[in-house]
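These notes concern the structure reproduced below.
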Number of protein chains: 2
Amino acid sequence: MSVLSRINAKLDGMAPGDREIGRYIVDNPDQMLRLSTAALAAEIGRSQSSVVKFSQKLGYASYQELKLAVSEAKAQDWQVPAGVIHGSIEVGDGFPVILKKLIGSKLLSMQQTVAANSERIISRTLELLDGARRIHLVGVGASSLVARDFSYKLMKLGRNVLHDSDSHIQMANASTLGPDDVLFALSYSGASIETLRIAELAAKRGTTVIAVTGLHDNPLNRVADIRLYTIADEERARSSSITARDAQLTLTDLLFILLVQKQPDANDYVHNSEAAVTVLKAERST
Amino acid sequence: MSVLSRINAKLDGMAPGDREIGRYIVDNPDQMLRLSTAALAAEIGRSQSSVVKFSQKLGYASYQELKLAVSEAKAQDWQVPAGVIHGSIEVGDGFPVILKKLIGSKLLSMQQTVAANSERIISRTLELLDGARRIHLVGVGASSLVARDFSYKLMKLGRNVLHDSDSHIQMANASTLGPDDVLFALSYSGASIETLRIAELAAKRGTTVIAVTGLHDNPLNRVADIRLYTIADEERARSSSITARDAQLTLTDLLFILLVQKQPDANDYVHNSEAAVTVLKAERST
DNA sequence: CAGATCAAGGAATAAATTATTCCAATTTCG
DNA sequence: CGAAATTGGAATAATTTATTCCTTGATCTG
């Protein structure tokens, strides 16, 4: 969490003096960055030493450290837009604020998602996808769309992929899985009953199961051999399903790009597959 | 331009001492932020005063100002990823570089997309979607997934929506359109033949056509009543279809959120629809 | 080539900022 | 009510930054 959110959260539990200092910093991070401890103290009518102590109480070694943290937090303003620390999208928000919050929460979930999966686990995933006889993608609802998107991309790379948006068909397909196959299961909650049953069946048949779920402990997670995580912005309920989908797409896009990197002839495949489609395009006029 | 690029550019014209200081800062901005002038000087074997003078020669009032600028520059790296301004993803790129480029290009297309559509045209679109008897969504390939995602969201709001991933079905449906309906057509190229034909048919039947295409002139654009734009990163060919899809999603997400804002009882609808789905979730264990 | 001029850069020092200590005033809690 | 803890400021110590001054060496000039 950013310093500013942290300060804001602790504000209520603080002594009056500290609260004033904290509020000033949260409200005027820009000014704060250019003020010395003495100047900041003067600004709010407190003593210079209080400011130093404030920094230390927050766990920073020095006032300078606090400044660095604030500066970094400000940079993340895209992530937690201007001042709106509790940034769910509200009914009263104007157009520009909504834009900022939307893009901010999307960016945040992307960043957190790539941060949540170690390079080690990603490269293990790549090996599995790379070595699989067939890749079976499952997911229901919004996750089904992500699965399909990913399946299109994998097909462009010439992989053997299977996905259907109907979960009964998915289940039927799953009964043909074997140890050389990989099941790639997407569910943010990790609790979608159809996806879970399919994963259980696949696991029983010796198929490697890759689960893409939220960070919480969940049933799907538990049957999986490889656990990938997507981070969505759960607090901001209204945009929740949006960021969960974005997080899944970020992860699958990343896997796709890394597969392209690994596969020397990937460009040919992608190019051919795109060229094939152009016969369905109208003449593009200038 | 960021301080770091500026320093880097001037490096050659600098006195040897300054050059050393500049190079250190460009190479280790993170360390630099935590070093005092004296410590930085010691690090590269120069005098403390040189460091101060270096800051002043760059036009900053103080060493602290330079630090602030560096901190800010580091932050902007996210927005236009690390030095790689023309940053298509290359075969030789390492894992962290790929992450940065991927998120960077996604962010860029989102930002440019929201910037490309004026508030005026967006609110006109909202009125149309709001007043439509039925909303017909069309798109093929990757655009079809976006259309479906948007259709799910509109359904959650209780709207009358129609979408099928099969373009023949889409066409058949389109023949039932009337003047009170709205056709929402997605195609980044604006030249997908099926989508175009459907839009033409709709236009002939007096249906309002909203087109979501790239910024270039294109056939779909020309038959549309309302033109919305998505900006994708065309230079970076490899990630092109990724950012085109992200741009479309950003736009449809934005429209969805704004519709929610307009509709007083939206939360009830969304909540009910999500509650209905939870019966298909397994017990979530702790 | 000698001497003047100037830029580079360090040492010393002045100025400022930050951190610590100590203490008085309040609040909290038994 | 009184002891203990907390708050927060004044004074001061320590550190950091900025300026001044000076040496060195390079360059220019007559």
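First the proteins, then the strands, lettered A, B, ... as listed; each starts at 1. Keep in mind that the numbers below use all heavy atoms, side chains included, and drop hydrogens, waters and symmetry copies.
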Residue pairs meeting salt bridge (charged side-chain N to carboxylate O under 4.0 Å, His left out), one or both in residues 42-56 of chain B, sequence neighbours left out, come to B:E20-B:R46
* **B:S109/B:T243 under side chain to side chain donor-acceptor pair (under 3.5 Å): CA gap, chis, key distance, verdict** => CA-CA 6 Å; B:S109 80; B:T243 54; 5.1 Å; no
Applied to residues 108-123 of chain A, the salt bridge (charged side-chain N to carboxylate O under 4.0 Å, His left out) test, sequence neighbours excluded, yields none
The ring pair (Phe, Tyr, Trp, His ring centres under 6.0 Å) partners of A:F150 (sequence neighbours excluded) come to A:F184
To the nearest angstrom, the CG-P distance between B:D18 and C:dA7 comes to 14 Å
note: B:F54, atom CZ; C:dG10, atom C1'; distance rounded to Å ~ 17 Å
note: A:E65, atom CD; C:dT17, atom P; distance rounded to Å ~ 20 Å
In whole angstroms, the gap separating P of C:dA19 from OH of A:Y60 amounts to 14 Å
Taken in chain and number order and not counting sequence neighbours, the residues that satisfy salt bridge (Lys or Arg N to Asp or Glu O under 4.0 Å) with B:R34 are A:E65
For nucleotides 11-26 of chain D, 5' to 3', base contacts (B), sugar-phosphate-only contacts (S) and non-contacts (-) with protein non-hydrogen atoms under 4.0 Å give -----SBBBB------
Across all chains, not counting sequence neighbours, the salt bridge (Lys or Arg N to Asp or Glu O under 4.0 Å) partners of B:D253 are A:K106, A:R245, B:K153
To the nearest angstrom, the CZ-C1' distance between A:R19 and D:dT7 comes to 13 Å
